[in-house]
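Step one of this worksheet: look at the structure below.
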Amino acid sequence: MQVQRVVLNSRPGKNGAPVPENFRVEETTLVPDLKDGEVLVRTLCLSVDPYMRCRMNEDTGVDYVAPWQLSESVDGGGVGVVESSRCTTCSEGGVVTAFNWPWQTYAVMKGSVLQKVDPQLVDGHLSYLLGAVGMTGLTALLGIREKGNVIQGANQTMVVSGAAGACGSIAGQFGRLDGCVRVVGICGSDEKCRALVDDLGFSAAINYRQEDVPTRLKDHCPDGIDVYFDNVGGAISDTVIAQMNKDGHVILCGQISQYNKDVPYPPPLSEEIHETLRRKNITRERFMVLNYMHKAEAALCELSQRVKSGQINVLETVVNGIENMGDAFCSMMKGGNIGKQIIKISE
């Protein structure tokens, strides 16, 4: 059968932003001659995520994801349907998801890497399995629960950077649900600011491209900042940390502003910020959701219930067609998406 796939065509230059030309769409022939334990899947939708930027390098800089190889299929989060199976745990017609799904229209995969899912978990919105009721939602929920120290009735203020992205948009809503009296989002456009306040229930939003962030933080956080969900790093994070209260908590989730730079992860902080953290006894701990997968099942059930009940609203930016994967990835890295960036491959 004829299959389209996306391969890594080239690597970005040192300290370089990715460009669509780093990816190439190929036509290839797939022979679905299944071995025991294998399944043929048809891809429904794929995910692009900021962490993938490190996979474009020869060395990812982290030990839990491998680099993409030149001229080989790119992979990431995906959802699809089992077309045929020689695996006892995957039946034909079943919906499955995986963390390392090839960017292909069809693929032969080992059933052992696939997770069966009930479409009712997301009321049929299967793309949510890649976002709000998937790894992204787990990162937001468990990040806050494990590292945020949010306490009902404690009059806490939370700030979320990258707040209109896939993870930040969920994290801010859980900050509010778990008890923060103020949740302020930082993002990159007036449209995103409106979405955060009007659609997701944030107390306020700051457009860092147009507004003076230190001044606006003081306006919106008159009692200081107790919890900071950090998705971006860099100057914005330095500004937030400078206004944090004693005994505050930084949830170090991502550092997207630094991903195109040749620096270690997490990137080093200035001595001034180190001193602020020390003087105010602020905890700043790296959060890796893969360390908490023993809590994933219960958390996914909660995410499903919160989404289905309308307590958590889901925002998505959907692009159609595997040929647009490279464009969608590069747009996401520049903040072109609101909510989760999804690429729809088939119905």
- line: Here the pair of heavy atoms bringing Met52 nearest to Ser47 is CE-O, 3.3 Å

query: Quick one: does Leu217's side chain get under 4.5 Å of Ile206's, heavy atoms only?
result: yes

Worked verdict on Asn207 versus Asp190 for side chain to side chain donor-acceptor pair (under 3.5 Å): CA-CA 6 Å; Asn207 178 353; Asp190 289 343; 3.1 Å; yes

statement: In short, Pro102 meets Ala107 closest at the heavy-atom pair CG-CB, 4.0 Å

- request: List the steps, then state whether side chain to side chain donor-acceptor pair (under 3.5 Å) holds for Asn231 with Ser161.
  value: CA-CA 6 Å; Asn231 287 307; Ser161 58; 5.1 Å; no

Side chain to side chain, Cys221 and Gln243, heavy atoms closer than 4.5 Å: no

task: Check the pair Ser309, Gln311 against side chain to side chain donor-acceptor pair (under 3.5 Å), reporting the backbone distance first and the verdict last.
output: CA-CA 6 Å; Ser309 68; Gln311 291 176 296; 3.1 Å; yes

field: Heavy-atom closest contact (Leu141 atom, Leu303 atom, distance)
entry: CD2-CG, 4.1 Å

query: When rounded to the nearest 0.5 angstrom, what is the spacing between CD in Glu72 and CZ in Arg5?
result: 7.5 Å

message: Going by the rule side chain to side chain contact (heavy atoms under 4.5 Å, CB included), which residues pair with Glu27 if we only count those two or more places apart in sequence or in a different chain?
response: Gln2, Gln4

query: Any side-chain hydrogen bond (donor to acceptor under 3.5 Å, both in side chains) pairs touching residues 122-145, not counting sequence neighbours?
result: Ser127-Glu316, Thr136-Lys340, Arg145-Asp178, Arg145-Glu302

message: Does this structure show an ion pair linking Lys147 with Glu285, if we count only N-O contacts that are shorter than 4.0 Å?
response: yes

- prompt: Same cluster or not: are Val41 and Val81 linked, directly or through other Ile, Leu, Val, Met, Phe, Trp or Tyr residues, by side-chain heavy atoms under 4.5 angstrom apart?
  reply: yes

Glu21/Arg24 salt bridge by N-O under 4.0 Å criterion: no

task: Using ring-ring contact (aromatic ring centres under 6.0 Å, His included) as the criterion, list what pairs up with Trp103, not counting sequence neighbours.
output: Phe23, Trp68

- request: Group every Ile, Leu, Val, Met, Phe, Trp and Tyr by side-chain heavy-atom contacts under 4.5 Å, then state whether Tyr292 and Leu300 land in the same group.
  value: yes

- prompt: Would you say His249 and Ile282 make side-chain contact, with heavy atoms under 4.5 Å?
  reply: no

message: Would the distance check show the side chain of Gln156 and the main-chain N or O of Asn149 forming a donor-acceptor pair, the cut-off being under 3.5 Å?
response: yes

- request: Nearest 0.5 Å please: distance from the CE atom of Met109 over to the CD atom of Gln104.
  value: 9.0 Å

- prompt: With sequence neighbours excluded, what pairs up with Tyr208 under the ring-ring contact (aromatic ring centres under 6.0 Å, His included) test?
  reply: none

task: Test side chain to side chain contact (heavy atoms under 4.5 Å, CB included) on Thr105 and Ser346 and set out the steps.
output: CA-CA 8 Å; Thr105 50; Ser346 67; over 6 Å; no

task: Taking side chain to side chain donor-acceptor pair (under 3.5 Å) as the test, write out the residues that go with Asn320, two or more places apart.
output: none

message: Return the CD to OG distance between Gln120 and Ser304, rounded to the nearest 0.5 Å.
response: 9.5 Å

message: List the residues meeting salt bridge (charged side-chain N to carboxylate O under 4.0 Å, His left out) with Glu83, not counting sequence neighbours, and say none if there are none.
response: Arg42

task: Measure the OG1-CG distance between Thr239 and Asp212 for me, rounded to the nearest 0.5 Å.
output: 8.5 Å

message: Please say yes or no: joined through hydrophobic side-chain contacts below 4.5 Å, possibly via intermediate residues, are Met332 and Val65 part of one cluster?
response: yes

- prompt: What closest approach, in Å, do Ser237 and Tyr228 show between heavy atoms, and which atom pair accounts for it?
  reply: OG-OH, 2.6 Å

statement: In this structure, CD1 of Ile186 is separated from CG of Asp230 (nearest 0.5 Å) by 9.0 Å

message: Same cluster or not: Met56 versus Met333, using hydrophobic residues (I, L, V, M, F, W, Y) connected whenever any side-chain heavy atoms lie under 4.5 Å apart?
response: yes

message: Less than 4.5 Å apart, side chain to side chain, heavy atoms only: is that true for Arg11 and Asn57?
response: no

- prompt: Less than 4.5 Å apart, any side-chain heavy atom of Cys193 and any of Cys187?
  reply: yes

- prompt: Hey, are Asn313 and Asp199 close enough side-chain-wise for a donor-acceptor pair under 3.5 Å?
  reply: no

task: Give the other cluster members for Leu30, using side-chain heavy-atom distances under 4.5 Å between Ile, Leu, Val, Met, Phe, Trp and Tyr residues; answer none if it is isolated.
output: Met1, Val3, Leu34, Leu40, Tyr106, Val108

query: Can we say Glu38 and Arg86 salt-bridge, meaning some charged N sits less than 4.0 Å from an Asp/Glu carboxylate O?
result: no

query: Can you find a heavy atom in the side chain of Arg284 that is under 4.5 Å from one in the side chain of Leu269?
result: yes

query: Would you call Glu275 and Arg278 a salt bridge, taking side-chain N to carboxylate O under 4.0 Å as the test?
result: yes

task: Please step through salt bridge (charged side-chain N to carboxylate O under 4.0 Å, His left out) for the pair Asp75 and Arg55, ending with a clear verdict.
output: CA-CA 10 Å; Asp75 67 288; Arg55 301 193 68 191; 3.2 Å; yes

task: Determine yes or no for a side-chain-to-main-chain donor-acceptor pair under 3.5 angstrom, with Ser169 supplying the side chain and Gly165 the backbone.
output: yes

message: Ignoring hydrogens, what is the shortest heavy-atom contact between Ile345 and Gly321? Give both atom names and the distance.
response: CD1-C, 4.3 Å

message: Using the rule that Ile, Leu, Val, Met, Phe, Trp and Tyr join whenever any side-chain heavy atoms are under 4.5 Å apart, tell me whether Ile151 and Leu177 fall into a single cluster.
response: no

task: Identify the heavy atoms of Leu196 and Ala163 that sit nearest to each other, and give their distance.
output: CD2-O, 3.3 Å

message: Nearest 0.5 angstrom please: Ile144 CD1 to Cys253 SG, how far?
response: 9.5 Å

- prompt: Looking at residues at least two apart in the chain, or sitting in another chain, which of them share a side chain to side chain contact (heavy atoms under 4.5 Å, CB included) with Thr97?
  reply: Val79, Gln115, Val117, Leu130

field: Identified side-chain contact (heavy atoms from CB on, under 4.5 Å) counterpart of Met244 within the set Ile225, Leu277, Val227
entry: Ile225

Transitive ILVMFWY cluster of Val31, excluding itself - 4.5 Å side-chain cut-off: none

By salt bridge (charged side-chain N to carboxylate O under 4.0 Å, His left out) - contacts of Glu92 (at least two apart): none

statement: Residues at least two apart in sequence or cross-chain that pass salt bridge (charged side-chain N to carboxylate O under 4.0 Å, His left out) with Glu58, listed by chain then number, are none

Salt bridge (Lys or Arg N to Asp or Glu O under 4.0 Å) contacts touching residues 235-255 (sequence neighbours left out): none

